[in-house]
Amino acid sequence: MAKQKLQSIRGIHDGLPAQVSKWRYIEEVARDIFSSYAFAEVRLPILEPTALFVRSVGEKTDIVSKEMYAFTDQGGDNICLRPEGTAGAVRAYLQAGLTRAGAQRWFYMGPMFRRERPQKGRLRQFQQIGAEFFGASAAVEDAEVLAMAQRFLDTLGIEQTRLEINSLGCTTCRPSYREALLTFLQRKKDALCETCHERMDSNPLRVLDCKVKTCQAALTDAPEMVNHLCEVCETHFSGLQSGLKALNVKYTINPRIVRGLDYYNRTAFEFITDQLGAQGTVLAGGRYDGLVESLGGPATPAIGFAAGMERLEMLLPDREANQPDVAVVALGDAVSGYALQQATKLREAGLSVVHCGGGSAKRQFKMADREGAKFVVTIGEDEMKAGKLMLKNLSTGEQQQLTFDAIIQEIS
Ligand code: ATP
Ligand code: MG
């Protein structure tokens, strides 16, 4: 019987060299930009207690109710693969006793797990780059966080996104808005999907977020949170907008943005593109002033966001592939050791170098070609005796015998 082929799990993909090179670039840009706003990197666990997400993300959300990879381990503990980063960040912040250490600005990158229906840009293991700012209460701090996200996308060269913002109000103004919305939804109930019927009981605001077209059509005249804000939320929302204008960050108000997680209040935002179909949200986040307290800490205002690495990658402009600078071709056994040493020296000088393995000249040149090297350094006995190397520029065909130092200059 033929052995069954082992495949990766559906919706869980390998990161192969071409892709990882893009991820690394995205990570580098994130580190640069976020550090310039004094955010520091944290590395948090991938396994967390399941209860953490039940208590923060919310029991009725899609994530917690049906998408978590949760299980009981050999010791009987209920643990899960983290579906998102904010809850774990808050847990770590509390566990480290940092609530009195002043504002904390953190960022992280790493895999998240959700058992969703896999599609383009929607995976079961995906990577997020996220930022969390604990102790941020002012509207201008929201504006700066959004500007930081915008700069991150700009620096990556991702231009096809637009920023949409909304205010979700607070515990003062949301209850009466919720009532107004529910009254409206009751009237439209027949036009709404099954899931929205459930949402009406659990979290009616999430109906606004439904991706079903007929639901969206039924919501045309739905009451909007932005028209029901209390004075404090109103001031905060206009402060955010003034900040964004001052920073020249373009935005539109989209009263339908509610976010899929329960813990958000006031500012909610998404950077959206039309180029990825239904998976159009590239980076999203908002303010979550109640979360730290609800996980057992002191009342601590906070704001954060997360971007999907795989979606960023799809929008990234084409970049030069990662090809070696130099291929080293060694002609004859007599130069074998010398050629190995020269390859090492070229690497020490900062170049990326492949050694073509010696042997037949024809095979080595073919290999240099296939590797896509920009230059070939050929070393024969003549070169070894003269203390020089033969350099060929593969794009111009130009060839010259040069000293090691001259070669480094020529290539850089
Ligand atoms: P969506 O509306 O696309 O389901 P979401 O509201 O669930 O997104 P968040 O939980 O806020 O998204 O996560 C932030 C970002 O992480 C998203 O904007 C997206 O770029 C990315 N993301 C979320 N879920 C996935 C997934 N299953 N596969 C790939 N990327 C994802
Ligand atoms: Mg989702």
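Whatever order the structure lists them in is the order used to number ligands and atoms, beginning at 1.
In the vicinity of L123, heavy-atom distances shorter than 4.0 Å reach the ligand 1 atoms 26 (C), 27 (N), 28 (N), 29 (C). Every atom of ligand 1 with a heavy atom of G308 under 4.0 Å away is listed here by number and element: 15 (C), 16 (O), 20 (O), 21 (C). Heavy-atom proximity to V282, at under 4.0 Å, picks out these atoms of ligand 1: 18 (O), 20 (O).
Remark: side-chain polar atoms of R287 are paired, donor with acceptor, to backbone N or O of A136 under 3.5 angstrom. In this structure a side-chain-to-backbone donor-acceptor pair under 3.5 Å is present from N265 to D289. Judged by distance alone, the side chain of R311 and the main-chain N or O of T281 form a donor-acceptor pair under 3.5 Å.
Contact annotation: for I63 versus ligand 1, there are no heavy atoms closer than 4.0 Å. Residue contacts with ligand 1 for K211 involve side-chain atoms from C-beta outward but no N, CA, C or O (heavy atoms, distance under 4.0 Å). Using a 4.0 Å cut-off between heavy atoms, R122 contacts ligand 1 through both its backbone and its side chain.
For E116, the closest heavy-atom approach to ligand 1 falls below 4.0 Å. The shell of residues lying under 4.0 angstrom from ligand 1, judged by heavy atoms, includes R114.
Taking distance alone, with nitrogen or oxygen atoms compared against 3.5 Å, R311 approaches ligand 1 more closely than that limit. Looking at A284 next to ligand 1, no N or O pair under 3.5 Å apart turns up. Any N or O atom pair closer than 3.5 Å counts here, and Q279 shares no such pair with ligand 1.
Not counting sequence neighbours, N166 has no partner by the side-chain hydrogen bond (donor to acceptor under 3.5 Å, both in side chains) test. Listed by chain and number, the residues in a side-chain contact (heavy atoms from CB on, under 4.5 Å) with T155 are V29, I33 (sequence neighbours excluded).
When ring centroids are compared, F133 and W106 stay outside the 6.0 Å threshold. Aromatic rings from F39 and F107 are positioned such that their centres are separated by 6.0 Å or more.
Relative to atom 13 (O) of ligand 1, the option among R117, R124, Q128 with the closest non-hydrogen atom is Q128.
Within 6.0 Å of CD on Q186 lie more than 12 heavy atoms contributed by other residues, nucleotides or ligands.
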